[in-house]
Number of protein chains: 2
Amino acid sequence: MSTTIKDIAKLLGISPGTVSRALQKSPRVSKETILRVEEAAKKLSYRPNITAQRLVSGKTHNIGVILSKDIREYTSVQLFNSIILNGILEVAEAHNYNLNFAIDSQEEKQGALYRIVQNKDVDGVLIINVVNEDILASLRTNGIPVVLIDNHFDNRSEYAVNNDDRIGASIATKHLISLGYKTIGMIGINEETFHRECLSGYLQALAECGLRADPRFVLKGWGSTHSAYEITWNILKQNRFPRAFFVVTDEMAIGVIRAVKDFGLSVPRDIAVVGMDDIPLLDYVDPPLTTMRIYIAEMGRTAVGMLLGLIQGHYQGNTQIAIQPKLIVRKSCGSK
Amino acid sequence: MSTTIKDIAKLLGISPGTVSRALQKSPRVSKETILRVEEAAKKLSYRPNITAQRLVSGKTHNIGVILSKDIREYTSVQLFNSIILNGILEVAEAHNYNLNFAIDSQEEKQGALYRIVQNKDVDGVLIINVVNEDILASLRTNGIPVVLIDNHFDNRSEYAVNNDDRIGASIATKHLISLGYKTIGMIGINEETFHRECLSGYLQALAECGLRADPRFVLKGWGSTHSAYEITWNILKQNRFPRAFFVVTDEMAIGVIRAVKDFGLSVPRDIAVVGMDDIPLLDYVDPPLTTMRIYIAEMGRTAVGMLLGLIQGHYQGNTQIAIQPKLIVRKSCGSK
DNA sequence: TATAAAAATACAAACGATTGTAGCAAATAG
DNA sequence: CTATTTGCTACAATCGTTTGTATTTTTATA
């Protein structure tokens, strides 16, 4: 079908082995031959057969990327994944690695995921967002390096890159404090580790500033805008509510704002709100939402770098890397 | 390293060829041997080496997915891609195909894209959103089937699946008309084919209902919320403006709404707005945005189906498939 | 000029499967 | 009881590379 190394060899009257070495510019073959081979290769528009190369090298040059299944539940997860993928792609491409995607469908043990892993069709794996212990175990027994991204996973022995949620929560809360708010609530999420990290940052910020946390004001939604709306509405009805909220995702923060407005109060006059993520169009929310910007693509890039190091066996850095978020001030907290 | 067909052969004292056939349940091998082989395979936890299989079959079982580079420009493109990817993944997985992603970086001819294509590392290619004629040509000379998704590309000879933008524009416009609006503008986008389709649907709807289009009211933005904001603001200043707008993307529609509000007018009382896309959180825009929902994941699924048919050489359907969008009524157009 | 050393190339065995052909039983036919 | 068919299985080539070893050619040395 297409030109192989043998065609070049035949054309030039030399052996395939030499052609192979010439193509690799091996010092074992004369400069002249290298030149002739390269010329012939170009003339025949030769392209190496990657599959064959893989067979002998035992390396696939593939990176598996496992995404969470419940992608449809949280719209911003979609966006998150998309951006992270960009980061990943960017550096994977630069290193000549391909990406193989698979969705983690917890149920069916027949999915692409298992196929990829068990078939050793990847040199390493990136797991985004969710952790499936089965997969992790399978990966480990197969000796395939893994790095977790945005996993909110507790095990410190896993390689992972995450947003620094604790710091994020702390900075957000301190921003509120610096604006003079004394009663600050938090609306978290129904995801254990993530929630714990946020809570810890939130509490620490309060403590450092000599403020007391009121347990009645730390709530938990399940991620959707709507859930945050309901939670907020409920607390508003009770007549005792804080003057500000740190909300752990923008998507929920939008629900909070809407609830406050629907309740007849004003943001930020009556209640200030900070979110986290920095999803698009926040400038067009009313009022524009102040938030902690998470560097998603950067997380992806970092993770691939780590994984590549692991694959090539020369990674020396920490097992856990936390990317620092940044406060983006808009109008939902008012100003001094 | 890991168990091969030979290990099984050795263990059972039979030949590798027979093992291979047994694993394929070939009628040429006895039921008994098949059973013994399967047992041994399980015991040794044998997994076929895909690379080797690929080498002999000549099929990669990979589908290349080309994404557009300018992903950072339009935030909703990110989301769009992510959703489409889900659709693609879903059916690719079901057919045991892997996905190989590459970003179309028009400039550098060295990118992963060219690597994938020229190295014939894919059985077929999906191109999302943007068309690079070079790639297309390269693909064609290599005999690799391609299907374009959301490409807004004119060439009817290319296999493609798109949203039916013309119909979308027409339905949106007619919705406005049915609500009694007589002067209806359109805010389009700086992308030739897409704009043309929308314009055609918009004009057709007006014509069918006996309304005249006012050329002063068909405008063009470059996609961002901000660009739509400015356009709207400008036309508002001129004191002559339509009572309703069909805006070709939600992202821009949000800019329109904001401009109208900032100008001191009301949506939908003074100006009604319909968007297109149905991006997330539209229920939380103020007022909630009526829009044409595009079935993005469905486009992805359809495209893969088409490509697979092409790869396997039995595709019989149309070269062009248009997915029908659907009107989602919220509050930005008022009601009768 | 014979000879050792160095340089360039050829040969052949891998990598892990698939598959056409050949071989050897046992079963059936004459 | 030989001849032919049938059912299984073994052998070996193949896919397109890479790479260790052997061989040839060239160059330098004595």
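Quick note on labels: first sequence line is chain A, next is B, and so on, each numbered from 1.
The CD1 atom of B:Ile5 sits 11 Å away from the C1' atom of C:dT19 (whole-angstrom rounding). Distance, B:Ile50 CD1 to C:dT18 P: 11 Å, rounded to whole Å. For the pair A:Glu32 CD and C:dA8 C1', the interatomic distance rounds to 11 Å; values are reported in whole Å. Atom C1' of nucleotide D:dC15 and atom CZ of A:Arg54 are separated by 15 Å, given to the nearest angstrom. Taking atom CD1 on A:Ile34 and atom P on C:dA8, their separation rounds to 9 Å, with Å as the unit. In this structure, B:Leu35 places its CG atom 12 Å from P of D:dT9, rounding to the nearest Å. Rounded to whole angstrom, the span from the CG atom of B:Leu23 across to the P atom of C:dT19 amounts to 13 Å.
Remark: the B:Arg36 side chain and the D:dT9 base include no donor-acceptor N/O pair separated by less than 3.5 Å. Judged by distance alone with a 3.5 Å cut-off, no donor-acceptor contact links the side chain of B:Arg21 to the base of D:dT9. For D:dT23, the base has no donor-acceptor partner in the side chain of A:Arg28 [N/O atoms by modelled type, under 3.5 angstrom].
Taken residue by residue, residues 6-20 of chain A places heavy atoms nearer than 4.0 Å to DNA chain C at A:Gly13, A:Ile14, A:Ser15, A:Thr18.
Here the side chain of A:Thr4 is nearest to one of D:dC8, C:dA17, D:dG16, namely D:dG16. For A:Leu55, the listed nucleotide lying nearest its side chain is C:dC15; candidates were C:dC15, D:dC8, D:dT18.
By the salt bridge (Lys or Arg N to Asp or Glu O under 4.0 Å) test, A:Lys25 is found to be paired with A:Glu38, residues two or more places apart in sequence or in another chain being considered. Applying the salt bridge (Lys or Arg N to Asp or Glu O under 4.0 Å) rule to B:Glu39 yields no partners; only residues at least two apart in sequence or on another chain are considered. The salt bridge (Lys or Arg N to Asp or Glu O under 4.0 Å) check on A:Lys59 picks up nothing, with sequence neighbours excluded. Applying the side chain to side chain contact (heavy atoms under 4.5 Å, CB included) criterion to B:Asn49, with sequence neighbours excluded, gives A:Leu55, B:Thr51, B:Ala52. Applying the salt bridge (Lys or Arg N to Asp or Glu O under 4.0 Å) rule to A:Arg140 yields the partners A:Glu158; only residues at least two apart in sequence or on another chain are considered. In terms of the side chain to side chain contact (heavy atoms under 4.5 Å, CB included) criterion, B:Gln316 has no residue partners (sequence neighbours excluded).
In this structure, the helix from C:dT1-D:dA30 to C:dG30-D:dC1 shows an angle of 70° between the axis at its start and the axis at its end, each fitted on 5 base pairs and rounded to 10°.
Between A:Gln53 and D:dG16 there is no side-chain N or O to OP1 or OP2 distance below 4.0 Å. OP1 or OP2 of D:dT19 sits under 4.0 Å from a side-chain N or O of A:Gln24.
Using a 4.0 Å heavy-atom criterion, one finds that B:Thr33 contacts the sugar-phosphate atoms exclusively.
For the residue pair B:Asn81 / A:Ser82, no side-chain donor-acceptor distance below 3.5 Å is found, with atom types taken as modelled.
Of all heavy-atom pairs spanning A:Ser26 and A:Ile34, the tightest one is O-CD1, 4.0 Å.
Partner of B:Arg301 under the side-chain contact (heavy atoms from CB on, under 4.5 Å) criterion, out of B:Leu89, B:Val91, B:Ile323: B:Val91 alone.
Among residues at least two apart or in separate chains, there is no salt bridge (Lys or Arg N to Asp or Glu O under 4.0 Å) pair with a member in residues 10-23 of chain A.
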